[in-house]
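Here is the structure we will look at.
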Amino acid sequence: MRHLLSLDDLPQSTLIGLLDAAQSLRPAALHRSAHRPLRGHTVANLFFEPSTRTRASFQLAAERLGADVLNFEADSSSTRKGETLTDTLRNLEAMGASLFVVRHTHSSVPASLAAACAEGSSVISAGDGRQSHPTQGLLDMLTIRQRKGEDFSRLTVAIVGDIRHSRVARSDAQALRTLGVGELRLAAPETLLPERDDPSFAGATVADSLDQALEGCDVVMMLRLQRERMDEGLVASLEEYYRDWGLSPERLALARPDAIVLHPGPMNRGVEIADAVADGPQSVILEQVSNGVAVRMAVLEHLARG
Ligand code: CP
């Protein structure tokens, strides 16, 4: 693996190897340690979209492995003067950066930078368009595995919300399939469901309602309602959305009593998820965030080793 652009074509053994590595890096992820295999490497964070969790955790992951970190500020960079992204990358390579973490609105950008970079460089997608968010997919799988064990074939998983526009949902569905999930259910208003032939969701079933999706399930993966979709007329109102698709404690009671609730963040509290669920005993949302540092350490170390 030279780049990490998607989980789509990642072999099961590589995916599990990354999860195992992340699990063993958990202590080093939370506290500084002597484990610093990236000393002498430079990681460049190239974020052309806002981010809190992904950007901060890549920075911490790189620093905890001993790398130098270059946080590229898109808004004050020479891309604003017309410099291409490829020229930007090549200039950063000329300063010694070799690991590029890229988030962009257009799904083709990480792949085109991967094609343009020098032989010793690697590109990691930190979220591209609606296509892929591979490290989020990995940290979600690690969080599920910690709580539910390694046998995904016993699990029923529901993905709920704006699935059509969600790169998180695509990476999660791809990883769940690779790990042999027992059943994957999708629940969303008609306007926010993926296209029927979207290969990321092959094998998933579409529930008629949120209640049907939650019935007896082990893992509930909530998604952010992208509020800009309201302007497109895809959602009538936030109140209606919460009424029909919001996860309340009463609704969560339809799932198994030991079901866990994930959300990639940022959350719209009171829109897709109630406070009492987000902060409740079944929520593993902050565990996802902690696991994000360990997963990104595992990915950076794997790629730096070549
Ligand atoms: N989950 C996620 O990608 O969050 P950020 O947009 O804050 O990075």
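Just follow the structure's listing: the first ligand is 1, and inside any ligand the first atom is 1. Since the structure is predicted, the reported quantities are computational estimates derived from the model, not experimental observations.
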Q: Answer with yes or no whether His133 contacts ligand 1, where contact means a heavy atom under 4.0 Å from a ligand atom.
A: yes
Q: Determine, for Phe58 and Arg296, whether the Lys NZ or Arg CZ falls below 6.0 Å from the six-membered ring centre while staying within 45 degrees of the axis.
A: yes
Q. Atoms of ligand 1 less than 4.0 Å from Pro264 heavy atoms?
A. 1 (N), 2 (C)
Q.
Do Arg64 and His35 pair up side chain to side chain, a donor and an acceptor below 3.5 Å, judged on atom types alone?
A. no
Q. Looking at side-chain heavy atoms only, is the closest gap between Phe152 and Leu176 below 4.5 Å?
A. yes
(Q) Below 4.0 Å, non-hydrogen atoms only: which portion of Arg103 touches ligand 1? Side chain, backbone, both or neither. (A) side chain
Q) Between the side chains of Thr84 and Thr86, does any donor sit under 3.5 Å from an acceptor? A) no
Q: Heavy-atom contacts with Gln136 under 4.0 Å: which atoms of ligand 1 show up? List them by number with element.
A: 1 (N), 2 (C)
Q: Tell me, please, which residues at least two apart from Gln136 pass side chain to side chain donor-acceptor pair (under 3.5 Å).
A: Asp140
(Q) Need the ligand 1 atom indices (1-based, order shown) with element for anything under 4.0 Å from a heavy-atom of Thr52. (A) 5 (P), 7 (O), 8 (O)
Q. Nearest protein heavy-atom contact for atom 2 (C) of ligand 1: which residue, which atom, what distance?
A. Thr54 OG1, 3.5 Å
Q | His3 side chain reached by Leu303 side chain, heavy atoms, under 4.5 Å | A | no
Q: Could you tell me which atoms of ligand 1, counted from 1 in the order shown, lie closer than 4.0 angstrom to a heavy atom of Gly265?
A: 1 (N), 2 (C), 4 (O)
Q | Residue and atom name of the nearest protein heavy atom (relative to atom 4 (O) of ligand 1), distance in Å to one decimal | A | Arg53 NE, 3.0 Å
